[in-house]
Amino acid sequence: MSEHVEWSDTEAPAPSATAPVTPADAADAARLVAFGLQPKVQPARDQEYTELLRRYREDPPFARLADAVAAGLGLVVLEVSPRAGMAVTAAEDSVFAVRMGDYARRTSADGGDRFLHGLAHLAVAAMAFPRPEDLADDGYIGRVSVNGVDAFVRQACRRLEERAEAQGENTDPATDAPGLETAWRIWARRSAAGATKDARRLAGSTTGIVGKAVAFLTDSGFLQRTGDDNGGTYRTTARYQLQVRDMAGSAAMAELLELGVVPVTDGTPTLLPPEDTDDLELVADAGLPFHAPSQS
């Protein structure tokens, strides 16, 4: 009985989880979500953002309120931390979702190219984080180049063609047939670079498609441009790592990695050299390897 009395005497008062939500609380929660929708805003450089993140971590009712605001907007909260800020991704039915069809229409008049644009994004993710441990390591920084991603996809095309031939499958499908396998085959037929009269790469070339993908990812705060070599070089951000973690279970990404085009043994991925390059179109100066251990 005495133990019960001692525990009752020292028991902390119940948290004020039932305190009414004020308009100011709602405004702060919405402001935090708004920061999450501005991926280029870094918490370390914005005092208000830093304070709202601290409140989210230390005030559970406020955290629940911010989560509810995000959910109401069709957003999924991936992580809330000083390194990533409030990292959110749009659910499929969210007004903030960018659909591949819309994305492709911004870049090409040919609606069939949406598969190639989707493949470019898939390839960038696979090259940036080729191992599960890379995704699990918060300090890992992936590095990719435009020409290198194109070379990666072209070797994947070759592997898929060899596999289809070995299994007696059709290796020359209609170009308007849906599916990633078809996209890989269309990619192999497309010019790697091409050029306009002023030497710019064609938007419909495969490096043009990859360039559009990495530019979009950079504008979205997922990549940071580090140089102009090899068509443009980029490093990953914490937000992109979280996004790729969210998609890592996709069958398409798993199949791409299982092709064995990117062997990783010591933390420094590269491309396997093909046995015969006579009929394999590769961009000059592919710029491999693409990654390095965590560094600034």
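Numbering of residues begins at 1 and proceeds along the displayed sequence.
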If you compare all heavy atoms of [X] against all heavy atoms of [Y], which two are closest, and at what distance to 0.1 Å?
X: Y140; Y: A128; answer: CE2-O, 3.5 Å
X: L242; Y: A84; answer: CD1-CB, 3.8 Å
X: W187; Y: C157; answer: CB-SG, 4.1 Å
X: A87; Y: R239; answer: CA-NH1, 3.7 Å
X: V153; Y: A123; answer: CG2-CB, 3.4 Å
X: G85; Y: P43; answer: CA-CG, 3.7 Å

Under 4.5 Å between side-chain heavy atoms, counting indirect links through other Ile/Leu/Val/Met/Phe/Trp/Tyr residues: same cluster for [X] and [Y] or not?
X: L32; Y: L37; value: yes
X: L78; Y: V69; value: no
X: L65; Y: V33; value: no

>> As a quick check of understanding, evaluate salt bridge (Lys or Arg N to Asp or Glu O under 4.0 Å) for R31 and E48, giving each step before the final call.
In response: CA-CA 9 Å; R31 181 64 175 153; E48 181 187 8; 3.3 Å; yes
Please enumerate all residues that pass side chain to side chain donor-acceptor pair (under 3.5 Å) together with [X], with sequence neighbours excluded.
X: E58; answer: R54
X: S220; answer: none
X: R57; answer: none

>> Please evaluate residues T206 and R154 with respect to the criterion side-chain hydrogen bond (donor to acceptor under 3.5 Å, both in side chains), reporting the C-alpha separation (whole Å), side-chain torsions for both, the decisive distance (0.1 Å), and the verdict.
In response: CA-CA 10 Å; T206 53; R154 289 183 180 277; 3.0 Å; yes
>> Taking salt bridge (charged side-chain N to carboxylate O under 4.0 Å, His left out) as the definition, give me every residue that meets it alongside D67, ordered by chain and number, with sequence neighbours left out.
In response: none
Quick one: pull up [atom1] in [X] and [atom2] in [Y] and give me the separation to the nearest 0.5 Å.
X: D219; Y: R225; atom1: CG; atom2: CZ; answer: 11.5 Å
X: N147; Y: F152; atom1: CG; atom2: CZ; answer: 15.0 Å
X: H117; Y: I209; atom1: NE2; atom2: CD1; answer: 4.5 Å
X: L223; Y: L217; atom1: CG; atom2: CG; answer: 4.5 Å
X: L135; Y: Q241; atom1: CG; atom2: CD; answer: 6.0 Å
X: D28; Y: D59; atom1: CG; atom2: CG; answer: 10.0 Å

>> Before you tell me yes or no, could you show the steps for D150 and T207 under side-chain hydrogen bond (donor to acceptor under 3.5 Å, both in side chains), namely the whole-Å CA-CA distance, both residues' side-chain angles and the distance that decides it to 0.1 Å?
In response: CA-CA 6 Å; D150 182 63; T207 55; over 6 Å; no
> For F222, does its backbone N or O pair with a side-chain atom of T237 as donor and acceptor, under 3.5 Å?
Replying inline: yes
>> With a 3.5 Å distance limit and no angle check, can you tell me whether R83 reaches the backbone of G139 through a side-chain donor-acceptor pair?
In response: no
> Strictly by modelled atom types, are T233 and S145 linked by a side-chain donor-acceptor pair under 3.5 Å?
Replying inline: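 Not at all, the side chains of T233 and S145 share no donor-acceptor pair under 3.5 Å.
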>> Measuring only between side-chain heavy atoms, which start at C-beta, is T236 closer than 4.5 Å to V244?
In response: no
> Are any non-hydrogen side-chain atoms of V76 and V88 less than 4.5 angstrom apart?
Replying inline: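 They are not in side-chain contact.
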>> For residues 33-43, which residue pairs pass the side chain to side chain donor-acceptor pair (under 3.5 Å) check, not counting sequence neighbours?
In response: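 Residue pairs with at least one partner in residues 33-43: there are none.
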> According to the ring-ring contact (aromatic ring centres under 6.0 Å, His included) rule, which pairs have a member within residues 27-77, sequence neighbours left out?
Replying inline: F35-Y49
> For V124 and Y234, what are the C-alpha separation, side-chain angles and deciding distance, and is it a side chain to side chain contact (heavy atoms under 4.5 Å, CB included)?
Replying inline: CA-CA 10 Å; V124 172; Y234 301 80; over 6 Å; no
> Less than 4.0 Å between a side-chain N and a carboxylate O, is that true for D138 and R245?
Replying inline: yes
> Is any NZ, NE, NH1 or NH2 atom of the basic residue among R55 and D25 found under 4.0 Å from an Asp or Glu carboxylate oxygen of the other?
Replying inline: yes
>> I'd like to know whether T89 forms a side-chain hydrogen bond (donor to acceptor under 3.5 Å, both in side chains) with Q243, so could you lay out the CA-CA distance, the side-chain angles of the two residues, the decisive distance to 0.1 Å, and finally the verdict.
In response: CA-CA 7 Å; T89 187; Q243 289 282 344; 3.3 Å; yes
